[in-house]
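Keep in mind the model is a prediction, meaning the values are calculated, not measured. In each ligand, atom 1 is the first atom listed, and ligand 1 is the first ligand listed.
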Amino acid sequence: MRVLFATAELRPLVSAGGLGEAAAGLTAALRESGVEVVTAVPDYQRWTLDGEEPLELAVPDWAAPASARVGSHLDTGPIALVDVPGIERSDPYVDGSGEGWADNDLRFGAFSAAVSALSRAVGADVVHLNDWHTALAPAFLADDAPTVLTIHNLGHQGWAGSHWLHRLPRHREAYAWGDSINALGGAIRVVDRLLAVSPHYATEIITPEGGMGLDEALASRGAALRGILNGIDTRVWDPRTDAHAPRFDSDDLEGKAVARQALLDHVGWTDTGDPLIVMVTRLVEQKGVDLAFEAARFLEGMRARLIVLGSGEARLAAWGRWLAESQPERVWFHEGYDAPVSHLLFAGGDVLLMPSRFEPCGLAQMQAMAYGTIPVVTPVGGLVDTVADADRDAAGTGFVATTTDESGVVDALHRALRAVRHHGRRRALQRRGMSRDWSWRGPAKQVVEVYGELAKGSPR
Ligand code: GLC
């Protein structure tokens, strides 16, 4: 079976958030289970490929000229790098000041049109789309290749002006949303299968509270919508083989102590014995970074330290810098994303803090548990599916706030710090978190089942 997997991000080529990480992990696991996957990615940076073949793509005039270089990349396997007007940029989504590029609708609209042309060119049995950047593709697919859309985040929908309607050869009514078009909303109405990135998120998004305006469209799809939990890419995220941090496994945590010391050295602190709370996050409201920063005023009293690595909104970055300046022995903040350092945070941290307001799946909490770092999370989305609260559940692996607000987060942090200071209890939590299979193997199997239903031509 041949699948065209279209995504705006693919680690390590381009990764602004979880999408790039998830796309890399899932496509690799699909290939391992025998699916032939061609990954279609915008050619933002003119990457070099092995054995590349140029391919002209037939697209409407407004999206032309469109072409792809189809070949193989050492890190990502078979890939089609798609070139459409305006796609080449230093950052996929935003300009130097953090504002979205003004022509993002055109850039990703043209990418979506090119993806549909590419699906014919490569003879895809299934086209697997991801998020709004690819969501217009079904409007251009002439040959009815079965489609799957994974929703990684409903917070970005691809709204555009009504002049777009004339650009869509098919499904105009589905994409029309009042006086505008909604790329994700339209795709939700027309694709054959919808996947949410966790089972709990699949139940949240069909409610008015969690649907971000698309709950009715989602609910009306019934059984075509299902939740499949993301995995983590264990080629990169495995404490036994990690390329960037001291190694260890669940039977012998010696290496974790070494990693902790390396982390302290990196941030320039001497060990006071106080637990290290780590955050690896995008600096956005969704991730509850403000809740974590509010809670930072209790660090002194909690006798804990906070280490934050993140990039995103200027306001939150300024707040992080200010915290680190005013409490230099309690808070360390680095703006930016640095892959090797992020490994050190997961490996050397004691507690991972992830107080998301909503979280379709979340990968950091799984990476933390794989590395024996105890997660403190809010009760939303995939965090509910992956973290069981150790005060309520004998099989607990972390701490889940009872409410998604500052008091809930502070309470859960207190509970986690108490557990971390109790050696036996801490060890039990770590062992349970580290022994679970967080890999993409299980999730990929479920995705293959979905492809199988479609390829067999069973009712869409
Ligand atoms: C988005 C979501 C995150 C999810 C990731 C990968 O970044 O916000 O929850 O884990 O996509 O699916």
Do the two ring centres, one from [X] and one from [Y], sit under 6.0 Å apart?
X	Y	value
His156	Tyr93	no
Phe108	Trp132	yes
His414	Phe298	no

Rounded to the nearest 0.5 Å, what separates atom NZ in Lys256 from atom CE in Met434?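 Answer for the NZ-CE pair, Lys256 versus Met434, is 7.5 Å.
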Mark yes when over 12 heavy atoms from residues, nucleotides or ligands other than Glu216 sit less than 6.0 Å from its CD; otherwise mark no.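 Not more than 12 within 6.0 Å, no.
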Would you check whether Gln286 reaches within less than 4.0 Å of ligand 1, judged by its heavy atoms?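 The answer is yes, since Gln286 has a heavy atom less than 4.0 Å from ligand 1.
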Salt-bridge contact Arg46-Asp43 (side-chain N to carboxylate O under 4.0 Å):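 So Arg46 pairs with Asp43 through a salt bridge.
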Looking at Asp95 and Arg89, is there a salt bridge between them, counting it only when a charged N and a carboxylate O are closer than 4.0 Å?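 Salt bridge: no.
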Please could you name the atoms of ligand 1 that [X] approaches to less than 4.0 Å, counting only its heavy atoms?
X	value
Arg282	7 (O), 8 (O)
Asn153	8 (O)
His152	1 (C), 2 (C), 6 (C), 8 (O), 11 (O), 12 (O)
Asn230	6 (C), 10 (O), 12 (O)

Would Cys361 count as being in polar contact with ligand 1, using the rule that some N or O on each side must be under 3.5 angstrom apart?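 Yes.
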Looking only at N/O atoms, are Lys287 and ligand 1 under 3.5 Å apart anywhere?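 No, there is no polar N/O contact under 3.5 Å.
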For atom 4 (C) of ligand 1, the protein heavy atom that lies nearest, with its residue and separation: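 The closest heavy atom on the protein side is Gly362 N, 3.7 Å.
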Nearest-neighbour protein heavy atom for atom 3 (C) of ligand 1, which is reported as residue plus atom name and distance: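 The protein heavy atom lying closest is Glu359 OE2, 3.3 Å.
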Check each heavy atom of His156 against ligand 1 and say whether those closer than 4.0 Å belong to the side chain, the backbone, both or neither.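 Under 4.0 Å from ligand 1, His156 contributes no heavy atoms.
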If we set the cut-off at 4.0 Å for heavy atoms, which region of Thr150 has an atom near ligand 1: side chain, backbone, both, or neither?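 None of Thr150 does.
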Just do the ring pair (Phe, Tyr, Trp, His ring centres under 6.0 Å) check on Trp319 and Phe333 with the steps written out, would you? CA-CA 10 Å; Trp319 191 350; Phe333 173 81; over 10 Å; no
